[in-house]
Amino acid sequence: FGFKKEMMEKGLVPDVFTYGTLVNGLCKGRRTKEAKELVGEMAQWGLSPGVVVYTALVDGFTREGKMEEVFETMREMEASGVQPNKLTYDNVIRGLSKMGRMEKACDLLKWMIKMGHMLDATSYTSLIEGHFKVGNKEQALHWFGEMKNNGVSPDVYTYSVMINGLCHCGGFKQAEHLLEEMFAEGLKPNEFVYSPLIAGHCRDGNVLLACETLDNMTKRDVFPDLHCYNSLINGLSKLGKMEEATKYLAQLQNRGHSPNEFTYGSLIHGYSKAGDMEKAELFFQEMLSRGIKPN
RNA sequence: CAUGAGCAU
């Protein structure tokens, strides 16, 4: 934004791309209020926002869950004769799904198909995630099947959402099955796929399987990131297996990660629950000394 | 110049 000022001082005129970049930056930083004002300002330069700028704005509002603003933006687009495209609608689907308005989200997706939009995994994945969010495993599975029927191949994002969703409703068996399916499809599972499995097995009380999962990913050349370790340490802490938990704490540090507030939160709760307040206090102090804020 | 995924209380 300093550059924008500088540009104007040098008499350079911002173009649609300048605004596009700025609007996008603001939207990513949860500053849609300012983004909207910026869009309003474009007219002063004789510029009118196109699909890209509007879509960035829609994206920003969906991130913040402001569906009313989304619809208002859509109306504004229509009023100024700008045609929304697939990306715009994808964002609306994601917004509706995030808000749990699944009937609307499904209707929109069906409508997109009818209108001949080429849907991809992104469109379906948002919808599937929404169904899991409202606890509707059946619909999630239904749309997972539907995307395949329509010739759209699930990608790593889709599988991570499916596996995460299934692990949250006790579908560990199906989750493991999908992991196999990924290999069969030639997809390489990443941290986003393994982490929910680890967390899920822990929640299930099956820490052994969780540890095995972490070891397996290492064997498959996927390096467990902090999320994976946190999931495991959290599971172990809840079961009071603090020796194991600290073992993985050491491993994570050996592999170049630094514990964060989640890691410490799990350890502190684990030790407190086990009645070892000294250790809990020790980790709390360590956390503070590393400049991590308690929450 | 613009879209999707995982961690504690």
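Order of the sequence lines sets the chain letters (A, B, ...), proteins ahead of strands, with each chain counted from 1. Since the structure is predicted, the reported quantities are computational estimates derived from the model, not experimental observations.
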Nucleotide of B:C7, B:G4, B:C1 approaching A:T125 most closely (side-chain heavy atoms) = B:G4
Touch check for A:C228, heavy atoms < 4.0 angstrom, all strands: base, sugar-phosphate only, or nothing?
-> base
Tell me what A:R203 touches on the nucleic acid: a base, only sugar-phosphate, or nothing, going by heavy atoms under 4.0 Å.
-> nothing
Residues A:L179 and A:I163: closest non-hydrogen pair is N-CD1, 4.2 Å
Where do A:F284 and A:Y264 land on the ring-ring contact (aromatic ring centres under 6.0 Å, His included) test, with the steps shown first?
-> CA-CA 7 Å; A:F284 185 61; A:Y264 284 114; 9.4 Å; no
Where the side chain of A:T158 is concerned, which of B:A5, B:U9, B:G4 is the nearest nucleotide?
-> B:G4
How would you label the contact of A:N164 with the nucleic acid (heavy atoms, under 4.0 Å): base, sugar-phosphate, or nothing?
-> sugar-phosphate
Could you tell me whether the phosphate oxygens of B:U9, OP1 or OP2, come under 4.0 Å of any side-chain nitrogen or oxygen in A:K273?
-> no
Would you mind classifying the nucleic acid contact of A:T18 as base, sugar-phosphate or nothing, using non-hydrogen atoms under 4.0 angstrom?
-> nothing
A:E41, CD atom: more than 12 neighbouring heavy atoms under 6.0 Å | yes
When we call it a touch if two heavy atoms are under 4.0 Å apart, what does A:V16 touch: a base, just sugar-phosphate, or nothing?
-> base
For A:D155, report the nucleic acid contact type (base, sugar-phosphate, nothing); a contact means any heavy atom under 4.0 Å.
-> base
Under the salt bridge (Lys or Arg N to Asp or Glu O under 4.0 Å) criterion, do A:K86 and A:D90 qualify, and how do the steps go?
-> CA-CA 6 Å; A:K86 174 188 167 297; A:D90 273 354; 2.4 Å; yes
Look at all strands and tell whether A:H227 reaches a base, only sugar-phosphate, or nothing, counting heavy atoms closer than 4.0 Å.
-> base
Among the nucleotides B:C1, B:A5, B:U9, which one has an atom lying closest to any side-chain atom of A:F192?
-> B:A5
Given B:G4, B:C1, B:C7, the nucleotide with the shortest approach to the side chain of A:N260 | B:C7
Counting side-chain heavy atoms from CB outward, which of B:C1, B:G4, B:A8 is closest to A:F262?
-> B:A8
What's the CZ-C1' distance between A:F144 and B:G4, to the nearest Å?
-> 15 Å
Quick one: is B:A5 close enough that its OP1 or OP2 comes under 4.0 Å of any side-chain N or O from A:R94?
-> no
Using 30° and 60° as the class limits, which term best fits the ring planes of A:H131 and A:W143: parallel, tilted or perpendicular?
-> parallel
Identify whether any heavy atom of A:E191 sits under 4.0 Å from a base atom; if not, whether one sits that close to sugar-phosphate; answer base, sugar-phosphate or nothing.
-> base
With respect to the side chain of A:N85, which nucleotide from B:G6, B:A2, B:A5 is positioned closest?
-> B:A2
Out of B:C7, B:A5, B:A2, which has the shortest distance to the side chain of A:N230?
-> B:C7
